[in-house]
2 protein chains.
Amino acid sequence: MTNSEIGANGQTLSGDIIPLRPSSAAQKICPHNSTVSCASCRLNELCLPIALNKSEIHQLDAIVERNRPYKKGEHLYRQSDEFKAVYAVRSGSFKSYFLSNNGQGRVTGFFLPGEIIGMDGIASHRYANSTAALEHSSVCEIPFTQLERLSHELPNLQHHFFAIMGNEIAKDQQIHTLLSSYTAEERTASFLLGLSSRYTRVSLSPTRFLLPMTRGDIGEYLGLTVETVSRILTALQRKGLVSVSNREIELLDIESLRGIISTS
Amino acid sequence: MTNSEIGANGQTLSGDIIPLRPSSAAQKICPHNSTVSCASCRLNELCLPIALNKSEIHQLDAIVERNRPYKKGEHLYRQSDEFKAVYAVRSGSFKSYFLSNNGQGRVTGFFLPGEIIGMDGIASHRYANSTAALEHSSVCEIPFTQLERLSHELPNLQHHFFAIMGNEIAKDQQIHTLLSSYTAEERTASFLLGLSSRYTRVSLSPTRFLLPMTRGDIGEYLGLTVETVSRILTALQRKGLVSVSNREIELLDIESLRGIISTS
DNA sequence: ATTGAAGCTTAATCTATATCAACTATTCAC
DNA sequence: GTGAATAGTTGATATAGATTAAGCTTCAAT
């Protein structure tokens, strides 16, 4: 199993990012313009509108709230807040994390443009995680009650939202396998390849990107310490598979990275 | 976080088990009778019919297929088979596992009566795992296309199925946290408490039950080796927290088991 | 009832990764 | 722009759990 094809199935709603070239050193996700409509949104092909016709998109558009942008570190919601909406990332990125009794947190997910946040709250009516912006970011807020109502009216939307949730379930199970049997190097390679394909989805470079999260975040997500993540990245660089400079990363040899995983 | 309250939200369809006392040594899940209807099913209170009225239950009933029982080791489906249906466990138990390139498998989930199997296939139209019976078991098969169609007609059913999927997502994220930060003892304690509350859901004893899976299965699920699982169980027994004899297990001190987890 | 295979346990040893520690580089707030 | 805080790196050491190995137990098939 590789993470590299996770998320092939549609995932979001109403995005707005610049599908730019791997220009200078790395990419930049830009305008947090909140005046777009789903119909005109650059992300609509990989998002909830995917299977909808013009009139349906218009109906969806009507329930979407385009909030002000979030600053780095700002929270979308906190663990055990009442569940009211799911969010589609329009620009920037977010992390979800779970705080345990003793106060230490573990990152449970990262979210890039075109991905849906908050589905863990659907069953219990409370969010199971906190979610915070990793950089200046914007989202579309989709009140869940209204999404349910509209899904009832639009079978395409219902179908697609079932698919989004199913995709999340399949992805979480892949992570289960990753955490229960991969070495630190395999986890890291899989993580980088996963990011690569997620950036590809939104028309960004598959080989050059900025990591929006800290090494500590990556470690918490992968079940490793910061030190191990740092060492593995250094080692991968030494082997010529990647080139790392702070948050900038370039994947130099994707095939070999895949090779690391497929031996496990 | 503890696993002990995972699965509070409804999960299944059309069950048939004996809600028996912790009689002799352990419980026994019994008849694989396939003539029940959802309306008369003992599990209907924690299953898809939960929020449906009589007529709605009847409609649901009409799309459910009650297959012949599965023998131990028999497969419900195999990894990458075409996705056609989800399954509700009526009696017995199942495990899902993912086979990686090199042929070694990892268990991704266990399923007890009243739980839904196969949602990982919804997005990609292929099952991501194989699923096999751990003992003589029976299921209700729910063809997904028909479930979708009916969900469209019955808002209650749509709502409830969203909840079931949301619950699965929340549960998978808890396992993510467990695997990325718990010790072997914490994982094992959490696993036992999780089983306990799942047995409670179906009116079986919370403190005495039979493990339907091998130590090896538990290890694959928790990211540990058989040897470690065995050692931890022995250690918990020595501390007086559990009593283990082969597949029979008794939780002697649930509070202390919880204590093991809540320090993490 | 007998036997072989599968499941389980226990012990000794090894190793991947955590932990501890010290240092450097970046970022952010003033 | 400066200093404090945060993030990242590298090295030395410790350790939880893997691996290896061997024997024991249970179960299912004949």
- Message: Base, sugar-phosphate or nothing for Lys72(A)? Non-hydrogen atoms, less than 4.0 Å.
- Response: sugar-phosphate
Round to a whole Å and report the spacing from [atom1] of [X] to [atom2] of [N].
X	N	atom1	atom2	result
Lys71(B)	dA28(D)	NZ	P	14 Å
Glu220(B)	dA6(C)	CD	P	15 Å
Met213(A)	dT6(D)	CE	C1'	18 Å
Leu233(B)	dG7(C)	CG	P	16 Å
Leu211(B)	dC8(C)	CG	P	9 Å
Arg215(B)	dT26(D)	CZ	C1'	12 Å
Glu248(B)	dT26(D)	CD	C1'	13 Å
Asp217(B)	dC8(C)	CG	C1'	13 Å

- Which of these nucleotides, dT9(D), dT26(D), dT9(C), is closest to any side-chain atom of Asn246(B)?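 So the nucleotide nearest the side chain must be dT26(D).
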- Query: In the 5'-to-3' direction, what one-character label does each nucleotide of nucleotides 11-22 of chain C receive under the scheme B = base within less than 4.0 Å of a protein heavy atom, S = sugar-phosphate only, - = no such atom?
  - Reply: BB----SSBBB-
- Ring-ring centroid check Phe94(A) Phe110(A), cutoff 6.0 Å: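 No: the rings miss the under 6.0 Å criterion.
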- How about Tyr70(B) and His75(B): are their ring centroids closer than 6.0 Å?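 They do not qualify: ring centres at least 6.0 Å apart.
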Can a side-chain donor-acceptor contact be found between [Y] and [X] if the only test is distance below 3.5 angstrom?
X	Y	value
Asn67(A)	Glu141(A)	yes
Thr131(A)	Ser96(A)	yes
Ser180(B)	Glu220(A)	no
Thr225(A)	Thr228(A)	yes

- Check: Glu248(B) side chain, Ser245(B) main-chain N or O, donor-acceptor pair, under 3.5 Å: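 Pair absent, no side-chain N/O of Glu248(B) close to backbone of Ser245(B).
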- Task: Would you indicate, yes or no, if dT10(D) has its OP1 or OP2 atom less than 4.0 angstrom from a side-chain nitrogen or oxygen of Thr234(A)?
- Result: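 True: Thr234(A) side-chain N/O within range (under 4.0 Å) of dT10(D) OP1/OP2.
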- Query: Between Arg247(A) and dA7(D), does any side-chain N or O lie under 4.0 Å from OP1 or OP2?
  - Reply: no
